[in-house]
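These notes are about the structure you will find just below.
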Amino acid sequence: TALDLVREVAEDALALLVVGHNPTMGYLAELLDDGDGDEEASNALVMGYPTSAMTLYDLTGDWADLDEQGATIRAHHVPRA
């Protein structure tokens, strides 16, 4: 799964950019949300994950330990033309 791949990131990586297609990216974005972050961003995930959507999370701990609801949403953005 996508989450399993994220867990394989080297411990010393300070940031990670995950790029992919739906429904995987939308599902992963919802799966990681711990509910403690930006409320507007969390609510936007429920409305779907359109093309080019981006979600920014904070993670405490190691990549290998990341689990469902294991990251805090800081921002969600959908570019518009």
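Here, residue 1 is the first one in the sequence, and each next residue gets the next number.
- Residues passing the side-chain contact (heavy atoms from CB on, under 4.5 Å) test with Ala53, sequence neighbours excluded: Tyr49, Pro50, His76, Val78.
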- Task: Just do the side chain to side chain contact (heavy atoms under 4.5 Å, CB included) check on Thr55 and Tyr57 with the steps written out, would you?
- Result: CA-CA 7 Å; Thr55 308; Tyr57 295 90; 3.5 Å; yes
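- Annotation: the span from Asp33 atom CG to Glu30 atom CD amounts to 8.5 Å, rounded to 0.5 Å.
- The distance from atom CG of Leu59 to atom CG of Leu14, rounded to the nearest 0.5 Å, is 11.0 Å.
- With hydrogens and angles ignored, the 3.5 Å screen pairs no side-chain donor or acceptor of Asp62 with any backbone N or O of Asp65.
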- Task: Using the side chain to side chain contact (heavy atoms under 4.5 Å, CB included) rule, take Asp38 and Arg74 through it: C-alpha gap first, then chi angles, then the decisive distance, then the call.
- Result: CA-CA 5 Å; Asp38 183 281; Arg74 293 297 168 216; 5.9 Å; no
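- Tyr27 and Leu3 end up in the same hydrophobic cluster when Ile, Leu, Val, Met, Phe, Trp and Tyr side chains are linked at under 4.5 Å.
- Using a 4.5 Å heavy-atom cutoff, the side chains of Leu32 and Leu66 are in contact.
- The closest side-chain donor-acceptor pair between Asp36 and Thr72, if any, does not fall under 3.5 angstrom.
- At least one side-chain heavy atom of Leu45 sits less than 4.5 Å from a side-chain heavy atom of Ile73.
- Under a 4.5 Å side-chain heavy-atom cut-off, the cluster of Ile, Leu, Val, Met, Phe, Trp and Tyr residues that includes Val46 has no other member.
- Taking hydrophobic clusters as Ile, Leu, Val, Met, Phe, Trp and Tyr residues chained together by side-chain heavy-atom distances below 4.5 Å, Leu31 shares a cluster with Met25.
- Here the closest non-hydrogen pair linking Pro79 and Met54 is CG-CE, 3.9 Å.
- No donor-acceptor distance shorter than 3.5 angstrom exists from the side chain of Trp63 to the backbone of Glu8, with no hydrogens or angles considered.
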